[in-house]
Number of protein chains: 2
Amino acid sequence: MEDKIFREFLEKKGLKFTKERAAVLKEVFSNHNHFDPDDLYVKMKGQGMKVSKASVYRTLPLLLECGLVEQVERFDKHAHYEHTFGHGHHDHLICIKCGKVIPLFSEKLEKLQESLCKQEKFRCLTHILEIKGYCSKCEEKGQGGKQKRPGV
Amino acid sequence: MEDKIFREFLEKKGLKFTKERAAVLKEVFSNHNHFDPDDLYVKMKGQGMKVSKASVYRTLPLLLECGLVEQVERFDKHAHYEHTFGHGHHDHLICIKCGKVIPLFSEKLEKLQESLCKQEKFRCLTHILEIKGYCSKCEEKGQGGKQKRPGV
DNA sequence: TTGTAATTGAGAATCAATCTCAATAGAGGA
DNA sequence: TCCTCTATTGAGATTGATTCTCAATTACAA
Ligand SMILES: [Mn+2]
Ligand SMILES: [Mn+2]
Ligand SMILES: [Zn+2]
Ligand SMILES: [Zn+2]
């Protein structure tokens, strides 16, 4: 399914559905975790797949452009992604103590954003909402100890 | 005012309110624009102020920690900030064609986020909401032409 | 004044991301 | 099939923001 979408997207742009691009796509959709480009590259190499780092870095923006993946939690120094096809768009609650990422979706929230954009005559295409704080576990344990993700 | 806040914050941490830190603070509050660390450094140098890049990069996280500045629009490759003291928190609409950044604040939106967090038993501290699309001007001009900010 | 710890700046180091470029692959045409 | 043209690839070099290192300096309190 995502193959079809990607293939058609590439065709429309006069680009080819090569095995390297197919491999990246496949890996991206192999599970539902968030990932960063290097993770992906290492994992593919580990499985004996044939790709270069350059191809990974070149393919991800294409997947982004055709809407198969979205970027998430860029408070780290490098980009993170997740595939979105087959899921819906969602936002993220991020625990600054343990690093846990909790997906959040609210129709009401989405609608409200849309209506606010309309008021500004702004045509909204995408958005990123990241809420940072303490997850229930870390909250009850108290906030002592070292943050896993300082500077947030 | 912001001097007082910063000074007390530093004191509480056993850090000193040095002239370098004071200079960065002053520059950050000299106007209401968004900025990035290098801009700030160059501007300070241009005015003959005495700072190093290292001090700028060291001071900004402190200002972040004490709530005098917030980070915004990290879709560029480097960090951007704005001072928030004396303003309220607000979110941003970002035009992917011309790069314009439109501040947005909605009490309703903030409250809704809070209540969603409560449902998840998540203690929310901060959040970043960035909505990307076309501003009214770019929308009416049509979307032809090259994006100023590709990859968004 | 002296001791101690924090701070500073210059430059080196890091490291994600991008770019370069020669070698390849693939599609279509002759 | 053979040729040509263009897109693609990977290895490695390069970039550029940020962080780190470390010797020199400063601030402060005893
Ligand atoms: Mn997610
Ligand atoms: Mn703003
Ligand atoms: Zn947690
Ligand atoms: Zn615009």
Side-chain angles (χ1 to χ4, degrees), chain A residues 6-27 34-46 48-65 69 71-81 147 149-152, chain B residues 6-27 34-46 48-65 69 71-81 147 149-152:
Chain A
F6 194 31
R7 179 177 266 124
E8 288 174 359
F9 166 80
L10 290 172
E11 195 167 357
K12 205 178 304 171
K13 299 202 80 171
L15 304 176
K16 292 167 188 168
F17 188 70
T18 61
K19 39 183 169 321
E20 288 82 3
R21 285 173 180 158
V24 171
L25 179 68
K26 187 175 168 207
E27 190 58 37
H34 293 189
F35 63 90
D36 63 55
D38 197 62
D39 286 346
L40 198 71
Y41 170 71
V42 169
K43 207 152 145 252
M44 292 177 78
K45 276 297 181 189
M49 299 170 101
K50 175 185 166 287
V51 259
S52 65
K53 219 169 244 198
S55 286
V56 171
Y57 276 101
R58 282 167 183 147
T59 304
L60 287 172
L62 295 172
L63 294 175
L64 204 56
E65 196 181 342
V69 308
Q71 252 180 306
V72 289
E73 39 148 352
R74 282 199 66 181
F75 60 167
D76 223 336
K77 235 170 321 288
H78 53 278
H80 290 240
Y81 300 86
Q147 283 184 201
R149 311 233 189 191
V152 177
Chain B
F6 194 32
R7 179 177 265 123
E8 288 174 359
F9 166 80
L10 291 172
E11 195 167 355
K12 203 177 307 173
K13 299 201 78 169
L15 303 177
K16 291 165 189 171
F17 187 70
T18 61
K19 39 183 169 324
E20 288 82 3
R21 286 174 179 156
V24 170
L25 179 69
K26 187 174 169 208
E27 190 57 36
H34 292 190
F35 63 90
D36 64 54
D38 197 61
D39 288 346
L40 198 72
Y41 170 71
V42 169
K43 207 152 146 254
M44 292 177 78
K45 276 295 180 189
M49 297 170 101
K50 174 184 166 292
V51 259
S52 66
K53 218 170 245 200
S55 285
V56 170
Y57 275 101
R58 284 169 182 145
T59 304
L60 286 172
L62 295 172
L63 293 175
L64 204 56
E65 196 180 341
V69 308
Q71 249 180 309
V72 289
E73 39 150 352
R74 283 199 64 182
F75 61 168
D76 223 337
K77 237 168 320 284
H78 53 276
H80 290 240
Y81 300 85
Q147 283 184 202
R149 311 234 189 191
V152 176

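A note on names: the letters A, B, ... follow the listed sequences, proteins ahead of strands, and every chain is numbered from 1.
Set against D/dT8, D/dA11, C/dA10, the side chain of A/K16 has D/dT8 as its closest nucleotide. With D/dT18, D/dG10, C/dT8 as the candidates, the nucleotide lying closest to the side chain of B/R21 is C/dT8.
Between A/F17 atom CZ and D/dT6 atom P there is a gap of 24 Å when expressed in whole angstrom units. If you take CZ of A/R7 and P of D/dA7, they are 20 Å apart, rounded to a whole angstrom. B/K13 places its NZ atom 13 Å from the P atom of C/dA6, with the value rounded to the nearest Å. In this structure, A/H78 places its NE2 atom 18 Å from P of C/dT14, rounding to the nearest Å. A straight line from NZ of B/K77 to P of C/dC15 spans 19 Å, rounded to a whole angstrom. Rounded to an integer number of Å, the gap from A/Y57 OH to C/dA16 C1' is 5 Å. Going from atom CG of A/L15 over to atom C1' of C/dG26 covers 14 Å, rounded to whole Å. At whole-Å resolution of the value, NZ in B/K45 and P in C/dG9 are 7 Å apart.
At D/dT9, one or more side-chain N or O atoms of A/T18 fall inside 4.0 Å of OP1 or OP2 (strictly under the cut-off). For A/S55, a side-chain nitrogen or oxygen approaches OP1 or OP2 of D/dG10 to under 4.0 Å. Side-chain nitrogen and oxygen atoms of B/K53 include none within less than 4.0 Å of the OP1 or OP2 phosphate oxygen of D/dT19.
Looking at B/E20 and B/R58, no side-chain N of the basic residue comes within less than 4.0 Å of a carboxylate O on the acidic one, giving no salt bridge.
Between the CG atom of A/D39 and the NE2 atom of A/H78 there is a distance of 6.5 Å, given to the nearest 0.5 Å. Rounded to the nearest 0.5 angstrom, A/K45 NZ and A/D38 CG are separated by 12.0 Å. Here the straight-line distance linking atom CE of B/M44 with atom OG of B/S55 works out to 8.5 Å at 0.5 Å rounding. Taking CZ of A/F9 as the start and CG of A/L15 as the end, the distance is 7.5 Å to the nearest 0.5 Å.
Both B/K19 and B/D38 lie near DNA chain D, and the one whose nearest nucleotide falls closer to the 5' end is B/D38. When the nearest nucleotides of DNA chain D are assigned to A/V56 and A/G14 by heavy-atom distance, the more 5′-ward of the two goes with A/G14.
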Each nucleotide N or O in nucleotides 20-24 of chain D that has a protein N or O under 3.5 Å away: list the pair and distance.
unit_1	atom_1	unit_2	atom_2	d
D/dT21	O4	B/R58	NH2	3.1

Pair B/L60-B/F35, side chain to side chain contact (heavy atoms under 4.5 Å, CB included): steps then yes or no: CA-CA 11 Å; B/L60 286 172; B/F35 63 90; 3.9 Å; yes
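With A/R21 contributing its side chain and A/K16 its backbone, the two residues share a donor-acceptor pair below 3.5 Å.
Residue contacts shown for A/K50 are limited to sugar-phosphate atoms, with no base heavy atom under 4.0 Å away.
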